[in-house]
Amino acid sequence: MKDYFGMQIKKLGFGFMRLPGFAGKPDSEIDYERTKEMVDLYMAQGYTYFDTAYLYHGGNSETAIRKTVVERYNRNQFQVTTKIPLWKELSFDEMSEVTNTQLHRTGLDYFDLYFLHGIGPDRLDMIEKIKAFDYLRGIKDSGKSKNIGFSYHGDADTLNRILDTHGAQIDIVQLPLNYLDWDDQAKKCYDAAIAHDVGIIVMSPIKGGALSTFTPEIAEIFKKANPEASLASWPLRFTMHLDGVITVLSGMSDIEQVSDNIKITETMGPLTDEELKIIGVAMEEMKKIPTIQCTACKYCLDCCPKKINSPEIIGLLNEYTVYQNLPAIKRMYSLITGGAWSGVVAKSSDCTGCGECEKYCPQNIEIIEAHKEAVKVFE
């Protein structure tokens with residue numbers, strides 16, 4: 001494997017996107033003392049890689065990097081990755097202003113890795129129009145980052161197209177890889193990165209925490225197979241031992257998660273053939289759990305006067321039904337309904353019950369009732 005950071009880093013990366021906070025307080029308020037304890041345990045075991053972004057924790061995640069890592073450890077003891085958000089068109093001057101803000105927030109003179117954040121098919125034309133990849137190369141040439149790349153959400157065909165065009169200048173791509181999505185687009189995206197000889201950092205190995213909190217029936221399948229292994233160990237081991245993977249990010253929220261993830265990384269090897277069969281059994285059982293059969297055709301979204309993203313919200317209701325991971329799913333709900341991706345702020349509680357969505361739904365889904373349920377569960 002190539003050496004991107006001047007050293008071979010360990011396979012567990014610390015994602016600063018789900019840091020501990022305070023009960024009843026907004027996500028932007030971080031408990032820095034508890035975070036310092038987590039950082040200290042992590043680094044005491046020889047782990048060094050931290051991932052943040054401009055938008056995490058309402059912009060305070062990068063500040064948390066400064067307060068808990070940069071101000072307390074020598075610069076050669078850690079690596080920091082952050083990401084520039086491109087949800088709208090920005091000029092080079094505007095992008096430069098964001099980058100300088102990130103350097104100030106983190107207290108760093110340079111980043112070890114700088115990403116374009118969350119590239120996907122829906123924003124690719126805009127990103128090409130503003131020449132964001134040219135800006136990224138300028139960041140590396142200026143010394144503001146040692147490595148450059150992008151985090152990606154989308155299909156393998158689009159990823160191949162991006163890497164065909166820009167892969168020669170890209171060092172690393174960050175991909176959502178997990179065993180649940182492996183037979184869909186995840187493996188194809190992994191193969192695309194390998195074929196273009198770029199490094200891979202894994203995000204969402206536990207699918208936002210979903211693969212560590214199942215219904216009791218699904219959880220029992222894993223516990224029966226290995227009573228000593230945490231549910232989180234299965235997806236982490238699945239990704240940690242893939243060829244070409246530099247490190248695997250975990251958005252850890254408490255010191256127990258840090259301790260468990262270190263134990264997994266240090267003591268547990270790749271999944272055996274028998275363990276992969278157990279995952280297959282669990283996935284078959286997941287499919288039997290009744291969910292709302294939405295195909296995400298978006299006819300409902302197109303005709304909704306409030307522009308509520310019903311397909312995404314129904315998807316979250318389905319995810320909650322299967323995985324019961326309410327905190328992570330509520331975070332996703334706040335992003336979807338708060339305009340982080342589409343720019344449209346519209347929650348389920350904004351539904352007026354006009355029924356236009358149900359007129360055009362080819363699956364005859366009771367969308368109004370789904371929004372009432374989303375209000376109860378997520379709001």
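No hydrogens, no waters, no symmetry mates; every other heavy atom, side chains included, goes into these values. Index from 1, following the sequence.
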Query raised in the report: How about Ser230 and Phe222: do any of their side-chain heavy atoms sit closer than 4.5 Å?
Result: no
Requested in this report: Would you kindly say whether Thr81 and Tyr49 are connected by a side-chain donor-acceptor distance under 3.5 Å?
Outcome: yes
Query raised in the report: Does Asn147 use its side chain to pair, donor to acceptor, with the backbone of Tyr4 at less than 3.5 Å?
Result: yes
Report task. Working to the nearest 0.5 Å, report the span between CD1 of Ile119 and CD1 of Ile127. Result -> 4.0 Å
Report task. Step by step, work out the side chain to side chain donor-acceptor pair (under 3.5 Å) result for Tyr47 and Glu266. Result -> CA-CA 11 Å; Tyr47 293 85; Glu266 295 290 333; 2.5 Å; yes
Query raised in the report: Are the aromatic rings of Tyr360 and Tyr299 close, with centres under 6.0 Å apart?
Result: no
Query raised in the report: Is there side-chain contact between Thr337 and Asp350, with heavy atoms separated by less than 4.5 Å?
Result: no
Query raised in the report: Would the Phe150 and Phe115 ring centres measure less than 6.0 Å apart?
Result: no
Query raised in the report: Within 45° of the axis and under 6.0 Å from the centre of the six-membered ring of Tyr54, does NZ or CZ of Arg105 qualify?
Result: yes
Query raised in the report: Out of curiosity, Met252 CE to Asn261 CG, how far, rounded to the nearest 0.5 Å?
Result: 5.5 Å
Query raised in the report: Any side-chain donor-acceptor pair under 3.5 Å between Asp181 and Asn178?
Result: yes
Query - Test item: side-chain donor near acceptor, Glu379 and Tyr333, under 3.5 Å - result: yes
Report task. Please round to the nearest 0.5 Å and tell me the distance separating atom CG of Leu90 and atom NZ of Lys88. Result -> 6.5 Å
Query raised in the report: Do Arg237's NZ or CZ and the ring of Tyr179 fall within the cation-pi criteria of under 6.0 Å and 45°?
Result: no
**Report entry** Check: Thr215 main-chain N/O paired with Gln324 side-chain donor or acceptor under 3.5 Å
**Finding:** no
Query - Criterion side chain to side chain donor-acceptor pair (under 3.5 Å) on Thr158 and Asp155, from CA distance to verdict - result: CA-CA 6 Å; Thr158 304; Asp155 62 278; 2.9 Å; yes
Query raised in the report: Would a 4.5 Å heavy-atom cut-off, applied to side chains only, mark Ile308 and Leu301 as touching?
Result: no
Query raised in the report: Using 4.0 Å as the upper bound for N to carboxylate O, is an ion pair formed by Lys146 and Asp171?
Result: no
Query raised in the report: Among side-chain atoms of Glu62 and Thr82, is any donor-acceptor pair under 3.5 angstrom?
Result: yes
Query raised in the report: With a 3.5 Å cut-off and no angle check, do the side chains of Tyr114 and Gln102 form a donor-acceptor pair?
Result: yes
Query raised in the report: Cation over ring, Lys144 on Tyr110, under 6.0 Å and within 45°?
Result: no
Report task. Treat each ILVMFWY residue as a node, draw an edge where side-chain heavy atoms are under 4.5 Å apart, and state whether Ile201 and Tyr56 are in one component. Result -> no
Requested in this report: Tell me, please, which residues at least two apart from Glu217 pass salt bridge (charged side-chain N to carboxylate O under 4.0 Å, His left out).
Outcome: none
Query raised in the report: So, do Ile30 and Phe16 sit near enough that their side-chain heavy atoms are less than 4.5 Å apart?
Result: no
Query raised in the report: Are a donor atom and an acceptor atom from the side chains of Thr99 and Glu97 found within less than 3.5 Å of each other?
Result: no
Requested in this report: Take Asp40 and Tyr73 through the test side chain to side chain donor-acceptor pair (under 3.5 Å) and record every step on the way to the result.
Outcome: CA-CA 10 Å; Asp40 290 346; Tyr73 289 91; 2.5 Å; yes
**Report entry** Gap between atom CE of Met17 and atom OG of Ser250 - 0.5 Å precision
**Finding:** 8.5 Å
**Report entry** Interatomic spacing from NE2 in His166 to CD1 in Ile170 - rounded to 0.5 Å
**Finding:** 7.5 Å
Requested in this report: Hey, could you give me the CG/OG distance between Leu211 and Ser233, rounded to the nearest 0.5 Å?
Outcome: 11.5 Å
Requested in this report: Decide yes or no for Phe14 and Thr48: does some side-chain heavy atom of the first lie under 4.5 Å from some side-chain heavy atom of the second?
Outcome: no
**Report entry** Asp302 and Lys307 ion-paired at < 4.0 Å
**Finding:** no
Requested in this report: Could you tell me whether the side chain of Lys10 and the main chain of Thr247 form a donor-acceptor pair under 3.5 Å?
Outcome: no
